**Q** 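My questions all concern the structure below.
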Amino acid sequence: DDLVKPNGIRGTPDGKTLYVADAGGRNIMRYRISGPGRLSDRAVFIPGSGSDGMTLDERGNLYLTTRGEVVIHDVSGRLVRRIGLPESPTNVCFGGKDGRTLFITARTSLYALHMQVRGG
């Protein structure tokens, strides 16, 4: 009830944290998963940012799709990298044989980048 237009959502592999992109409120929110169907410790994790899709890597870095790029934030919310694209991405996920290929869907294309880290 406290989000304007929730869109992207991603839970951590350990089941302890949930990230939600509030596209209408322009924030990435972080919640602690405190039990089945229960969230607590609501916090703005990345202010001023919406996202269409998101994923995590093995280090807990959060990958967000934004206008014309994928942005990567570390576990503290600090921006660590930008991946520019010729069109706006819509979603991201890790895959491939070793789990190190970052697949990025966009309006008319599919991109694949081999990364040094694995998806979470």
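In what follows, residues are counted from 1 in the order of the sequence shown. In this text, all values refer to a predicted model and were calculated from it rather than measured experimentally.
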**Q** Report the residues that fulfil side-chain hydrogen bond (donor to acceptor under 3.5 Å, both in side chains) with T101, sequence neighbours left out, ordered by chain and then residue number.
**A**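 T101 satisfies side-chain hydrogen bond (donor to acceptor under 3.5 Å, both in side chains) with no other residue.
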**Q** Which residues satisfy the salt bridge (Lys or Arg N to Asp or Glu O under 4.0 Å) test with R42, sequence neighbours excluded?
**A**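 By the salt bridge (Lys or Arg N to Asp or Glu O under 4.0 Å) rule, R42 matches D2.
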**Q** Would L102 end up clustered with V75 when hydrophobic side chains under 4.5 Å apart are linked, directly or stepwise?
**A**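 No, it is not one cluster - the side chains of L102 and V75 are not joined through contacts under 4.5 Å.
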**Q** To check you understand the geometry: which heavy-atom pair defines the closest contact between S88 and G68, and what is its length?
**A**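 Residues S88 and G68, closest heavy atoms: OG-N, 3.2 Å.
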**Q** Among L62, I46, T66, find the residue that satisfies the side chain to side chain contact (heavy atoms under 4.5 Å, CB included) test when tested with V71.
**A**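 For V71, the side chain to side chain contact (heavy atoms under 4.5 Å, CB included) check succeeds only for T66.
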**Q** Can you see which heavy atom on A23 is nearest to which on N7, and at what distance?
**A**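 Heavy-atom minimum between the residues: CB-CB, 4.4 Å.
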**Q** Could you tell me whether the side chain of S49 and the main chain of I28 form a donor-acceptor pair under 3.5 Å?
**A**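 Here the side-chain-to-backbone pair does not exist.
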**Q** Could you tell me the separation between the CG atom of N61 and the CG atom of L79, rounded to the nearest 0.5 Å?
**A**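 Rounded to the nearest 0.5 Å, the CG-CG separation comes to 10.5 Å.
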**Q** To the nearest 0.5 angstrom, please state how far the OG1 atom of T55 sits from the CD1 atom of I72.
**A**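 Separation between the atoms: 11.0 Å.
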**Q** With sequence neighbours left out, write down each residue that passes side chain to side chain contact (heavy atoms under 4.5 Å, CB included) with P47, or none if nothing qualifies.
**A**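 Here the qualifying residues are N27, V44.
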**Q** Going by the ring pair (Phe, Tyr, Trp, His ring centres under 6.0 Å) test, which pairs reach into residues 44-71, not counting sequence neighbours?
**A**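 Of all non-adjacent pairs touching residues 44-71, those that pass ring pair (Phe, Tyr, Trp, His ring centres under 6.0 Å) are Y19-F45, Y63-F94.
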**Q** If I compare all heavy atoms of P89 with all of I104, which pair ends up nearest, and what's the gap?
**A**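 Taking every non-hydrogen atom into account, CB-CG2, 3.5 Å.
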**Q** Please tabulate, for the side chains in residues 112-120, all donor-acceptor contacts under 3.5 angstrom to protein atoms that are two or more places apart in sequence or on a different chain.
**A**
none

**Q** Could you grab the distance from atom CZ of R26 to atom OG of S51, nearest 0.5 Å is fine?
**A**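 So the gap between those two atoms works out to 9.5 Å.
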**Q** Holding to side chain to side chain contact (heavy atoms under 4.5 Å, CB included), I want the full list of residues that pass it with V4, two or more places apart in sequence or in another chain.
**A**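 With neighbours one apart ignored, the set is D22.
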**Q** What pairs with Y31 under ring-ring contact (aromatic ring centres under 6.0 Å, His included), at least two apart in sequence or on another chain?
**A**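 Per chain and number, Y31 pairs via ring-ring contact (aromatic ring centres under 6.0 Å, His included) with no residue.
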**Q** Under the salt bridge (Lys or Arg N to Asp or Glu O under 4.0 Å) rule, what pairs show up with a residue in residues 52-75, not counting sequence neighbours?
**A**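 Qualifying pairs: E69-R82, D74-R78.
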**Q** Please tell me whether L64 and L56 are part of a single hydrophobic cluster in this structure, the criterion being side-chain heavy atoms less than 4.5 Å apart.
**A**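 They do share one cluster, since a chain of ILVMFWY contacts under 4.5 Å joins L64 to L56.
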**Q** Test of understanding: with salt bridge (Lys or Arg N to Asp or Glu O under 4.0 Å), list the residues that count as partners of D98, not counting sequence neighbours.
**A**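 With neighbours one apart ignored, the set is empty.
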**Q** So which residues get pulled into L110's cluster when ILVMFWY side chains under 4.5 Å apart are joined, directly or through others?
**A**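 Answer for L110: F103.
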**Q** Go through the structure and list residues passing salt bridge (Lys or Arg N to Asp or Glu O under 4.0 Å) with D14, not counting sequence neighbours.
**A**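 Once residues adjacent in sequence are excluded, D14 has no partner under the salt bridge (Lys or Arg N to Asp or Glu O under 4.0 Å) criterion.
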**Q** For S109, which residues count as a side-chain hydrogen bond (donor to acceptor under 3.5 Å, both in side chains) partner, sequence neighbours excluded?
**A**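 By the side-chain hydrogen bond (donor to acceptor under 3.5 Å, both in side chains) rule, S109 matches E87.
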**Q** To check you understand the geometry: which heavy-atom pair defines the closest contact between V92 and T65, and what is its length?
**A**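 The pair with the smallest heavy-atom distance is CG1-CG2, 3.6 Å.
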